[in-house]
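Remarks on the structure that follows.
Values reported hereafter were calculated over all heavy atoms of this structure, with side chains retained and with hydrogens, waters and symmetry mates removed.
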Amino acid sequence: FKLYLVTHGEILFTWNEIQYGAFSDNDEKTGRYRYFFFEVPHDEAGIYFDTPDDLLNHLVQGHRLKDIITHVKVDFR
């Protein structure tokens, strides 16, 4: 998951019947990459993180993403 994000991939996955996504993009203001996490359908309510580790520490339905990522259903990568 982390390696895929840092190589600028996009990931969609399902956890407890809710679909989520994550991708990296270039912040035009700083020139640095940042990591975006969202619930599908994608809207402006997503959250940006500075590092993949910050994203992996994000709570998803009360669980840290890093603790559930090996148990999710991967829909797209």
Side-chain angles (χ1 to χ4, degrees):
F1 182 86
K2 186 175 172 180
L3 178 62
Y4 204 75
L5 282 178
V6 298
T7 56
H8 316 298
E10 180 176 350
I11 301 163
L12 293 174
F13 64 90
T14 301
W15 175 250
N16 290 336
E17 300 182 21
I18 299 175
Q19 191 175 46
Y20 299 94
F23 63 86
S24 62
D25 77 347
N26 190 1
D27 183 343
E28 294 178 9
K29 294 178 185 176
T30 65
R32 298 181 65 203
Y33 276 91
R34 57 191 179 167
Y35 304 89
F36 189 67
F37 181 81
F38 58 95
E39 185 175 325
V40 175
H42 180 255
D43 58 18
E44 298 303 318
I47 304 168
Y48 276 103
F49 296 92
D50 291 329
T51 68
D53 288 323
D54 291 341
L55 189 154
L56 285 166
N57 282 311
H58 178 64
L59 291 179
V60 177
Q61 299 179 29
H63 303 277
R64 293 202 187 281
L65 181 55
K66 68 181 176 183
D67 296 333
I68 64 169
I69 197 61
T70 59
H71 304 286
V72 303
K73 177 184 167 264
V74 176
D75 301 316
F76 175 82
R77 62 180 175 155

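With rounding to the nearest 0.5 Å, the separation of CG in Leu5 from CZ in Phe49 is 11.0 Å. If you take OG1 on Thr30 and CG on Asp27, they are separated by 3.5 Å, rounding to the nearest 0.5 Å. With rounding to the nearest 0.5 Å, the separation of CZ in Phe38 from CD in Gln19 is 8.0 Å. Here OH of Tyr33 is found 16.0 Å from OG1 of Thr51. Values are rounded to the nearest 0.5 Å.
Panel note: side chain Thr14, backbone Glu17; no donor-acceptor pair is recorded below 3.5 Å. In this structure, Asn26 contributes its side chain and Glu28 its backbone to no donor-acceptor pair below 3.5 Å. Of the possible donor and acceptor atoms, none in the side chain of Arg64 sits under 3.5 Å from a partner among the backbone N and O of His58.
When the side chains of ILVMFWY residues are joined at heavy-atom separations under 4.5 Å, either directly or via intervening members, Leu3 and Phe1 end up in a single hydrophobic cluster. In terms of hydrophobic clustering, with Ile, Leu, Val, Met, Phe, Trp and Tyr side chains grouped at heavy-atom distances under 4.5 Å, Leu12 and Leu56 are assigned to different clusters. In terms of hydrophobic clustering, with Ile, Leu, Val, Met, Phe, Trp and Tyr side chains grouped at heavy-atom distances under 4.5 Å, Val74 and Val40 are assigned to different clusters. If you chain together hydrophobic residues whose side chains sit under 4.5 Å apart, Ile69 and Ile11 fall into the same group. Phe36 is not connected to Ile47 by any chain of hydrophobic side-chain contacts under 4.5 Å among Ile, Leu, Val, Met, Phe, Trp and Tyr, and they are in different clusters.
Under the side chain to side chain contact (heavy atoms under 4.5 Å, CB included) criterion, Asp25 pairs with Phe23, Arg34, Tyr48, not counting sequence neighbours.
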Test side-chain contact (heavy atoms from CB on, under 4.5 Å) applied to Val60 and Ile68, step by step: CA-CA 9 Å; Val60 177; Ile68 64 169; 4.1 Å; yes

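Of all heavy-atom pairs between Leu55 and Ala22, the closest is CD1-CB, 4.2 Å.
Salt bridge annotation for Arg32-Asp50: absent, with no cationic side-chain nitrogen under 4.0 angstrom from a carboxylate oxygen.
Ring orientation note: the planes of His63 and Trp15 are nearly perpendicular, at an angle over 60° on the 30°/60° scale.
Residues in residues 3-12 take part in these side chain to side chain donor-acceptor pair (under 3.5 Å) pairs, two or more places apart or across chains: His8-Ser24.
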